[in-house]
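Naming: A, B, ... by sequence-line order, numbering from 1 per chain.
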2 protein chains.
Amino acid sequence: MIKPRSRRGGGRPTIADVARKAGVGAITVSRALREPERVSEDLRRQIQAAVNELGYVPDPNARALASARADVFGVLVPSLTNNVFAEVVRGIYDSLSDGPFRVQLGNTHYSGLEEERLLQVFGPQRPAALIVAGIDQTPTARKLLETAGCPVVQVMETGPDPVDMLVGFSHLDGGRTATEHLIEAGYRRIGFIGARMDPRSQRRLAGYRAAMEAAGLFDARLVTTTPVPSSVTLGRELFRDALAKAPTLDGVFCNNDDIALGVLFECHRAAISVPRTIGIVGFNDLDMMQSAFPSITSIRTYRYEIGRRSVAMALAAIAGKRPEQRVVDLGFELIRRESTAR
Amino acid sequence: MIKPRSRRGGGRPTIADVARKAGVGAITVSRALREPERVSEDLRRQIQAAVNELGYVPDPNARALASARADVFGVLVPSLTNNVFAEVVRGIYDSLSDGPFRVQLGNTHYSGLEEERLLQVFGPQRPAALIVAGIDQTPTARKLLETAGCPVVQVMETGPDPVDMLVGFSHLDGGRTATEHLIEAGYRRIGFIGARMDPRSQRRLAGYRAAMEAAGLFDARLVTTTPVPSSVTLGRELFRDALAKAPTLDGVFCNNDDIALGVLFECHRAAISVPRTIGIVGFNDLDMMQSAFPSITSIRTYRYEIGRRSVAMALAAIAGKRPEQRVVDLGFELIRRESTAR
DNA sequence: TTGTACGCGTTATCAC
DNA sequence: GTGATAACGCGTACAA
């Protein structure tokens with residue numbers, strides 16, 4: 001008696017089952033599913049019928065093994081809870097939800113070593129594309145990206161020398177624009193308050209410094225930074241520190257909106273008038289900036305759009321169309337509000 | 001001249017290469033890597049040497065195909081940008097970063113149908129475990145979870161009838177506790193302000209209602225809800241609506257902290273005294289609640305810990321140890337602050 | 001403890 | 001346009 005070929009798997013229908021039922025070869029079923037235009041109308045219908053009847057679903061693992069390509073986008077961000085990256089990730093997901101691609105998300109915790117590790121985990125999977133935050137990879141990480149054998153999109157920055165493609169904006173220009181706005185509004189003793197101080201924060205600080213020096217206003221005592229992760233509460237503390245160091249402070253450009261909100265709350269608590277005594281500018285323009293009282297001036301950035309664009313570029317590259325421009329600068333916008341309306 | 005067996009793949013070393021170099025069978029290499037204790041000391045060392053020399057890395061796709069199991073945790077959340085779920089996801093990632101498991105994250109957009117679709121995408125991958133937010137799956141989704149053939153952990157809620165395992169807390173009790181606190185603080189015309197109104201918000205509302213009815217204070221005009229996604233700005237608008245409907249309002253229990261912050265800002269703008277004229281309670285206790293001015297009373301929940309616990313339970317189940325308690329209630333805590341200190 | 005033979009479900013290759 | 005055959009790289013089953 002012949003054992004009915006005991007399936008190790010869960011007994012789901014395979015491509016062979018569909019082929020048998022449709023009276024065609026397995027490869028034709030495979031083609032009908034992936035490149036329908038290369039299979040005749042007739043067979044396509046028969047195959048589709050068999051697929052529906054059997055409830056056949058291709059095995060992604062088998063497909064990945066055979067084709068040496070997984071339908072996976074590897075995505076690396078420094079933080080999952082930072083709203084800024086969450087928005088980028090959301091843009092990526094929304095752009096991918098239609099197609100066959102899955103997303104594999106990695107959290108680097110702002111660590112270059114962790115990024116290397118994750119890249120080493122992603123590589124053997126043979127992802128269809130890689131999207132990574134930032135341009136400050138370690139040499140090792142950069143080499144891993146260059147040899148990944150798939151399109152790579154770096155996001156959230158701009159610059160001259162991407163691994164492959166790049167979409168974002170200039171943090172340096174953003175920092176400069178924010179600072180220049182404060183100067184034009186009449187503030188003079190303008191502080192910089194920054195937490196985390198990752199590479200993007202560093203560039204914003206550089207923009208701040210450039211603007212202050214150009215105006216002859218730079219003073220190292222006006223700069224307050226910490227590697228500690230950003231939070232509203234930390235913003236309050238740093239503002240107190242800044243005031244202690246520079247009692248004549250009359251404005252602050254904050255690393256990000258959480259810090260800015262903390263500064264605002266501390267001003268409330270200390271009965272410091274905003275924008276009269278202190279002007280405040282944030283960065284990213286989270287929703288709450290417009291609703292705060294007073295509303296807070298901020299640099300609006302297009303995180304969601306960056307996510308979408310990164311996918312569009314990767315998809316184009318996968319389709320063989322290398323985009324005309326490998327570096328896309330989506331810019332930013334200064335949103336003037338009450339916190340600097342002196 | 002013999003072509004050196006052109007590899008379709010990228011020519012990376014395979015397990016066979018390692019086996020040859022170490023002078024053992026391929027299966028022994030496989031075992032040495034997955035269950036070292038079942039291979040003799042000697043061979044293990046030889047194999048490890050060969051692995052290092054060749055730079056061998058197992059192909060996860062081939063492994064998944066052969067074993068009918070992918071080292072993947074499927075995770076389904078309704079939102080990527082909502083800090084609450086971002087924290088759960090972070091807990092999951094942090095708990096998984098040591099081991100061999102990758103994470104595949106899906107965004108259901110608060111949609112049962114989207115959840116079904118994602119479950120259908122995850123299924124064929126044969127994930128090692130599934131973690132999903134909530135207990136309100138559609139019948140179809142629930143069936144998919146039950147037949148997934150892997151441990152399933154539902155998170156962020158508690159209840160009597162999990163698909164498999166469940167870790168979270170009671171939103172109904174949370175809503176009741178928040179409301180009772182306002183009542184005890186002396187507020188009487190206490191409103192409920194809720195956005196999105198997903199199942200968890202509905203249960204918080206039910207808790208609010210229970211408390212208000214128990215105190216003989218319930219009045220339908222005090223309830224203001226909308227299906228619109230939550231935001232600080234929306235909180236301001238809803239509060240204005242609530243005041244228009246119930247001018248004698250003297251307190252609000254907010255769906256979440258974003259709404260609560262919006263209410264606070266609107267009070268500032270309208271020169272309404274908090275907590276004297278209006279008491280405010282939020283939900284989740286985000287960092288900014290403690291720094292707001294005045295600081296805002298909230299229900300602290302343990303999102304990160306829920307993420308970690310869910311992984312721990314799944315891992316235990318994978319290891320064959322069905323945990324003694326399939327339902328874990330991590331509770332919550334009322335954090336009293338200035339916004340209700342009348 | 002180690003190895004042999006084979007299967008996992010699909011796609012690439014090349015012939016028809 | 002369609003199909004037979006041979007990988008893809010690894011793990012399972014079973015034997016030794």
Most 5' of Gly23(B) and Ala62(B) on DNA chain C, judged by nearest nucleotide:
Gly23(B)
Does the side chain of Gln46(B) pick up a donor-acceptor pair with the side chain of Asp42(B) at under 3.5 Å?
no
Salt-bridge contact Arg44(A)-Glu41(A) (side-chain N to carboxylate O under 4.0 Å)
yes
Starting at atom CZ of Arg126(A), determine the distance to atom P of dA12(C), rounded to an integer number of angstrom.
13 Å
Between dT11(C), dG11(D), dG9(D), spot the one nearest the side chain of Arg63(B), thanks.
dG11(D)
Quick one: Leu65(B) CG to dC6(C) C1', roughly how many Å, whole number?
13 Å
Testing the basics here: between Pro151(B) and Ala128(B), what is the closest heavy-atom pair and its distance to 0.1 Å?
CD-O, 3.2 Å
Starting from P on dG9(D), measure out to CZ on Arg20(B) and report it in whole angstrom.
12 Å
Carboxylate-amine/guanidinium proximity below 4.0 Å for Arg90(A) and Glu87(A)
yes
State, without any angle test, whether Gln137(A) and Glu116(A) hold a side-chain donor-acceptor pair at a distance under 3.5 Å.
no
Of all heavy-atom pairs between Asp136(A) and Glu157(A), which one has the smallest distance, and what is that distance?
OD2-OE2, 3.7 Å
Rounded to whole angstroms, how far apart are CG on Asn61(B) and C1' on dT11(C)?
13 Å
Atom CZ of Arg12(B) and atom C1' of dG9(D) are separated, to the nearest Å, by 10 Å
Exercise: identify the closest heavy-atom pair between His109(B) and Asp94(A)
NE2-OD1, 2.9 Å
Starting from C1' on dC8(D), measure out to CG on Asp17(B) and report it in whole angstrom.
13 Å
For DNA chain C, determine which residues of residues 42-56 of chain A have any heavy atom closer than 4.0 angstrom to one of its atoms, and list them numerically.
Tyr56(A)
Could you tell me the separation between the CZ atom of Arg69(B) and the P atom of dG9(C), rounded to a whole number of Å?
13 Å
Within residues 27-40 of chain A, which residues have any heavy atom lying less than 4.0 Å from an atom of DNA chain C?
Ile27(A), Ser30(A), Arg34(A)
Whether the Arg142(A) and Thr138(A) side chains hold a donor-acceptor pair (N or O, under 3.5 Å, no angle test) is what I'd like checked.
no
Glu146(A) bridged to Lys143(A) by N-O distance under 4.0 Å:
no
